[in-house]
Each structure stands twice: as C-alpha cells, then as structure tokens.
Asker: 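The structure under discussion is supplied below as structure tokens; questions concerning it will follow.
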Amino acid sequence: MTAITPDTFVGDDAIDTRSPLRRAAAVALAVVRLVWRVVAPRLAVVSTVGWLVLAVAVAALIVSVVLGWQEFFYLGIALVAAVLAAVAFAFGRATYHVEIELTPRRVVAGERALGKMVVVNSGPRRLLPTRMELPVGTGLAEFGIPTLQPSAQQEELFAVPTERRAVILAGPAISVRGDQLGLIRRVIRWTPTTELFVHPVTTHLAPSQAGLVRDLEGQVSRKITDSDISFHALRAYVPGDDRRYVHWRTSARTGQLMVRQFEETRRSQLTILQSTLGSYYADADEFELAVSITASVAAQVIRDGTDMNVVTDTLALRTHSVSAMLDDSCRLQPGRSPFKTAREFARETTKRLPAPSVAMMIAGSRINVADFRSMRTLFPVETVGLAIRVEKGAAPKLGAISGTTIVTVGELSDLSAVLNRAGA
C-alpha cells in the first residue's frame with residue numbers, strides 16, 4: 001500500500017502544506033500585484049513635480065498633527081487641493097490623426113531639411129486646444145494646437161538640423177494634457193518614429209580611380225583549375241576527370257587520354273575595412289573625413305558594378321545600392337572596438353567574405369603603420385593592398401611598405417588625385 005505524502009500530488013490539486021499565515025501573505029501579495037497593475041498606469045500621469053508636491057503636502061500635514069501648527073495644516077490642504085484640481089485637466093478623449101512628413105528623407109550634411117506635422121480632428125466632436133511635442137534628434141519641438149472642429153486640420157512646419165552626418169529620429173509625436181503648473185501630465189503617442197538620413201559629404205571619383213580593373217571575363221590568377229576559360233596546359237587523364245575537357249587530337253597522337261588544365265579567372269572584388277576605433281582618430285572631424293572617403297570610394301565602385309564589401313568594427317554596410325550604403329554609413333560612430341587588435345578586426349570581419357583582388361584599409365592619423373601591415377598579411381599575395389591614413393589638414397603623401405601602398409589624405413578634395421597617383 002502506497003503512503004500518501006504532500007509530494008504525491010502536483011499541479012493545481014496539490015496539497016498546500018504552508019501555514020495559514022504564509023497562505024494569507026501569498027494571497028495578499030497577489031492582490032497587491034493585481035491592484036498595482038490596474039493603478040500604475042493611472043498614477044503615471046502624475047509628474048515628478050506632482051509627486052514632490054504630494055510629498056510636501058503629506059509632510060506638512062504630519063507636522064501640523066504632531067506640532068499642532070495650523071499653518072502647515074493649511075499648506076498641506078492647499079497643496080492636495082492643487083493636485084486634485086490638476087487632475088481635472090487630464091480628463092477628455094482626443095481623436096487626432098497625426099502625420100509626420102520629412103522633405104527630403106535623405107540629405108547630405110549641411111543641406112537643408114524641413115519637416116511638417118499635420119494634425120487632423122478625425123472625430124465627430126470639437127477638440128479643445130492642446131500641446132503637441134515632437135522630439136527631433138536631441139531637441140524637442142513644441143506646438144500649440146488650437147481648437148479643431150471635426151475634420152479640421154492644423155499644419156506645423158519645423159526645420160531639422162543637418163550640420164553633421166547622422167541618423168536623426170523625428171518622433172514620436174505626442175499630445176500632452178495637464179495643468180499649467182505641470183503637476184499632471186497625460187501623454188498620448190500618435191505617430192511612430194521617422195528616420196532622416198544625413199549622408200556624409202562625398203566626392204566624385206572616375207571609374208579608373210577606384211583601384212579596380214574593369215573586366216568582363218575576370219582576372220587570370222596563378223591558381224590552376226580543371227574548369228575555366230584561360231587554357232594553361234595538358235595533363236594525363238585520371239579517373240573522375242570531366243570528359244568534356246579531353247583533348248582528343250593529343251590523346252590520339254600520344255596514345256593516352258590527355259585533358260586540359262586552366263588558369264583560374266576571378267572577378268574583381270574590393271574589400272574596404274574602416275576601423276571605427278576612437279583611439280585611431282585625433283578628433284571627430286578626422287573620423288568624419290574617414291567616413292566620407294569610405295563612402296566616396298564605395299559609391300563609385302557600386303556605380304561601376306564591381307563586387308564589393310565594406311566592413312567596420314561594429315557594422316557591415318549594405319552594398320547593393322549607393323543609397324543603402326550611404327544610409328548605413330550614417331550609423332557609424334567612433335568608439336570602442338570589440339576586437340583587441342587591428343589584425344583581429346580584419347580577420348574576424350572578412351573570414352566569411354570572398355578573397356579580394358583589392359583590400360583597402362582606412363583609419364585615422366593615430367594608427368600605427370604596423371597595424372596596416374598586420375592587416376595586409378591576412379590576404380593572399382596577389383591581393384593589391386592599399387592603406388589610407390586619414391590626417392585632417394595634412395598634405396597628401398604616397399608611400400609603400402611590405403607590398404602595401406600607404407597614402408595620406410588630409411582633405412576630401414585630395415582623394416581623387418591621391419588615388420590616381422596610387423593607381424599609376
């Protein structure tokens with residue numbers, strides 16, 4: 001016969017062996033949690049100033065009771081009345097339809113960008129005046145919306161600061177209801193966040209200055225393969241060879257089967273590695289110049305239709321179109337790198353990419369030349385190595401070390417001439 005213990009039953013029908021006091025505490029805790037889930041959203045309308053006023057009111061009432069000072073009693077009552085009166089401003093239902101329009105959605109740093117917020121009363125009743133707030137980047141735009149009749153609309157224009165490359169977030173647009181003292185603040189969100197892309201400044205490069213050979217059938221390499229276009233030599237047939245490549249005339253003359261060998265041809269492939277490690281750059285302007293150089297080269301290569309990859313410490317840029325590449329470049333920021341060394345950065349970000357015919361490495365003026373050399377050793381010997389050292393205001397220079405061409409670029413306008421010299 002099996003003995004029944006408290007552990008015999010599990011699930012909802014399990015025997016509760018806790019004491020009555022613990023059971024009561026558990027029930028009370030569950031009730032408090034349920035009440036808090038209902039009450040918390042209502043209490044959220046009380047601002048920080050409102051909670052401070054309530055705290056002062058409670059303190060004043062306690063002092064009046066303990067010390068018998070009527071002045072503090074009147075003060076506490078007045079503050080509580082102010083909060084209760086402010087609650088009345090939070091009541092009411094709004095029926096707005098709000099749209100945010102940015103014109104254009106993509107600009108170059110320094111160009112003008114405008115935005116428009118359209119507020120429409122989509123309900124059947126007249127709406128009282130309210131205040132709309134619209135975060136734009138690090139700023140906050142405030143608009144006073146007047147009384148709106150049904151189907152009436154109000155348009156508000158605003159300017160977007162675009163001095164520097166960035167992804168500027170506009171929104172969400174929120175309506176704020178509350179008292180003039182700011183004790184109660186009821187916020188309703190009306191729109192999602194809209195992105196404005198401020199692209200880096202770029203310069204135009206001629207196709208020959210992108211550092212690549214424009215080919216139709218590929219570049220001939222030293223690697224021997226059994227199937228390609230460029231004929232290399234003949235060898236004896238071994239079981240498993242494709243019979244399509246048997247050279248029948250030579251086979252008939254020598255008395256044994258001979259097959260063709262080929263030199264492997266490869267399409268031009270560019271890999272750009274830009275380090276975003278903040279310690280490699282003297283200041284923010286130098287980093288912006290590096291991003292502009294990367295974007296300029298990448299944009300020209302994409303227009304040429306050449307295969308390319310652009311990688312950084314934290315982000316691999318999309319390269320299927322110029323617009324997508326420039327959008328991603330807006331998100332690059334100097335900072336810490338997840339990699340310990342420049343070599344580790346280059347190895348981890350390119351290990352799944354095809355072997356490049358040109359590897360371009362871009363960093364600031366504080367990078368050590370040895371870091372460029374260590375990155376270059378990761379690529380095959382036949383890969384052309386080009387290192388761009390960005391130094392704001394420096395005169396353009398051209399040098400070479402360990403088979404890698406190193407150029408110094410001080411201004412974006414120098415890039416075309418420097419790449420032309422490096423290609424020559």
Side-chain angles (χ1 to χ4, degrees), residues 104-113 161-168 196-207 209-212 270-304 306 308-319 321-335 358-367 372 386-398 405-423:
R105 288 283 305 277
R106 292 172 174 84
V107 298
V108 177
E111 294 183 350
R112 188 180 184 186
T162 59
E163 290 80 10
R164 298 186 70 86
R165 174 191 58 86
V167 178
I168 298 177
L196 171 66
F197 294 95
V198 183
H199 290 168
V201 178
T202 58
T203 186
H204 178 73
L205 302 176
Q209 293 175 325
L212 297 172
L270 172 66
T271 297
I272 300 179
L273 302 96
Q274 184 193 338
S275 175
T276 56
L277 181 62
S279 60
Y280 282 163
Y281 299 90
D283 51 34
D285 291 337
E286 192 170 278
F287 181 80
E288 292 302 315
L289 177 56
V291 174
S292 293
I293 291 173
T294 299
S296 298
V297 176
Q300 183 58 54
V301 173
I302 293 173
R303 295 188 189 103
D304 291 343
T306 304
M308 178 186 59
N309 296 103
V310 182
V311 295
T312 67
D313 297 70
T314 56
L315 178 67
L317 275 60
R318 295 172 295 171
T319 56
S321 68
V322 175
S323 179
M325 182 275 299
L326 291 175
D327 286 351
D328 285 348
S329 70
C330 297
R331 305 182 189 277
L332 299 181
Q333 296 296 331
V358 178
M360 184 177 293
M361 299 156 285
I362 302 174
S365 59
R366 294 184 176 178
I367 189 173
F372 280 140
L386 177 62
I388 299 181
R389 179 177 173 271
V390 182
E391 184 177 359
K392 185 70 174 177
K397 293 185 293 186
L398 180 64
T405 302
I406 300 180
V407 299
T408 299
V409 180
E411 300 293 341
L412 185 60
S413 57
D414 299 334
L415 181 61
S416 179
V418 170
L419 289 181
N420 190 32
R421 291 172 55 191

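Bear in mind the structure is a predicted one, so any value in this text is a computation, not a measurement.
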Asker: As an exercise, state the distance from CD1 of Ile293 to CE of Met360, rounded to the nearest 0.5 Å.
Answerer: 10.0 Å

Asker: State, to 0.1 Å, how close Ala282 and Glu286 come at their nearest heavy-atom pair, and which atoms those are.
Answerer: N-OE2, 3.0 Å

Asker: Tell me the closest heavy-atom pair linking Ser329 and Val291, and the distance in Å.
Answerer: O-CG1, 4.1 Å

Asker: Measure the SG-CE distance between Cys330 and Met325 for me, rounded to the nearest 0.5 Å.
Answerer: 10.0 Å

Asker: Is it true that Lys397 and Asp414 make a salt bridge, defined as a side-chain N closer than 4.0 Å to a carboxylate O?
Answerer: no

Asker: Looking at Glu163 and Ala109, what are the two nearest heavy atoms and their distance?
Answerer: O-CB, 3.9 Å

Asker: Side chains of Phe372 and Ile367, heavy atoms from C-beta outward: is any pair under 4.5 Å?
Answerer: yes

Asker: Of Lys392, Arg164, Arg165, which is the lone residue that meets salt bridge (charged side-chain N to carboxylate O under 4.0 Å, His left out) with Asp285?
Answerer: Arg164

Asker: Looking only at heavy atoms, which two atoms of Pro334 and Gly278 are closest? And how far apart?
Answerer: CB-CA, 4.2 Å

Asker: Working to the nearest 0.5 angstrom, can you tell me the gap between Ile388 CD1 and Leu386 CG?
Answerer: 5.0 Å

Asker: Can you measure from OG1 (Thr202) to CG (Leu415) and round to the nearest 0.5 angstrom?
Answerer: 10.5 Å

Asker: In the structure I gave you, are the side-chain heavy atoms of Phe287 and Val390 within less than 4.5 Å of one another anywhere?
Answerer: no

Asker: Decide yes or no on side-chain contact (heavy atoms from CB on, under 4.5 Å) for Met308 and Ile302, but give the supporting numbers first.
Answerer: CA-CA 8 Å; Met308 178 186 59; Ile302 293 173; 3.4 Å; yes

Asker: Within the 4.5 Å heavy-atom criterion, are Asp327 and His199 side-chain neighbours or not?
Answerer: yes

Asker: Could you check whether any side-chain heavy atom of Leu196 comes within less than 4.5 Å of a side-chain heavy atom of Thr162, counting everything from C-beta outward?
Answerer: yes

Asker: Mind checking whether Val310 and Val297 have side chains closer than 4.5 Å, heavy atoms only?
Answerer: no

Asker: Where is the tightest heavy-atom contact between Arg331 and Leu315, given as atom of each residue plus distance?
Answerer: CB-CD2, 4.4 Å

Asker: Quick one: are Thr203 and Ser416 in side-chain contact, heavy atoms under 4.5 Å?
Answerer: no

Asker: Are any side-chain N or O atoms of Glu111 and backbone N or O atoms of Val107, one a donor and one an acceptor, separated by less than 3.5 Å?
Answerer: no

Asker: Shortest non-hydrogen contact from Tyr281 to Ala363?
Answerer: OH-CA, 3.7 Å

Asker: Any chance you could measure Glu288, atom CD, to Leu332, atom CG, to the nearest 0.5 Å?
Answerer: 9.0 Å

Asker: If you measure from CD1 on Ile406 to CG on Leu398, what distance do you get to the nearest 0.5 Å?
Answerer: 10.0 Å

Asker: Can you confirm whether more than 12 heavy atoms, excluding those of Arg318, are under 6.0 Å from its CZ atom?
Answerer: yes

Asker: Is there side-chain contact between Ser275 and Asp313, with heavy atoms separated by less than 4.5 Å?
Answerer: yes

Asker: Would you sort out whether Met361 and Gln274 count as a side-chain contact (heavy atoms from CB on, under 4.5 Å), showing the intermediate values?
Answerer: CA-CA 6 Å; Met361 299 156 285; Gln274 184 193 338; over 6 Å; no

Asker: Answer yes or no: is there a side-chain heavy-atom contact under 4.5 Å between Leu412 and Ser296?
Answerer: yes

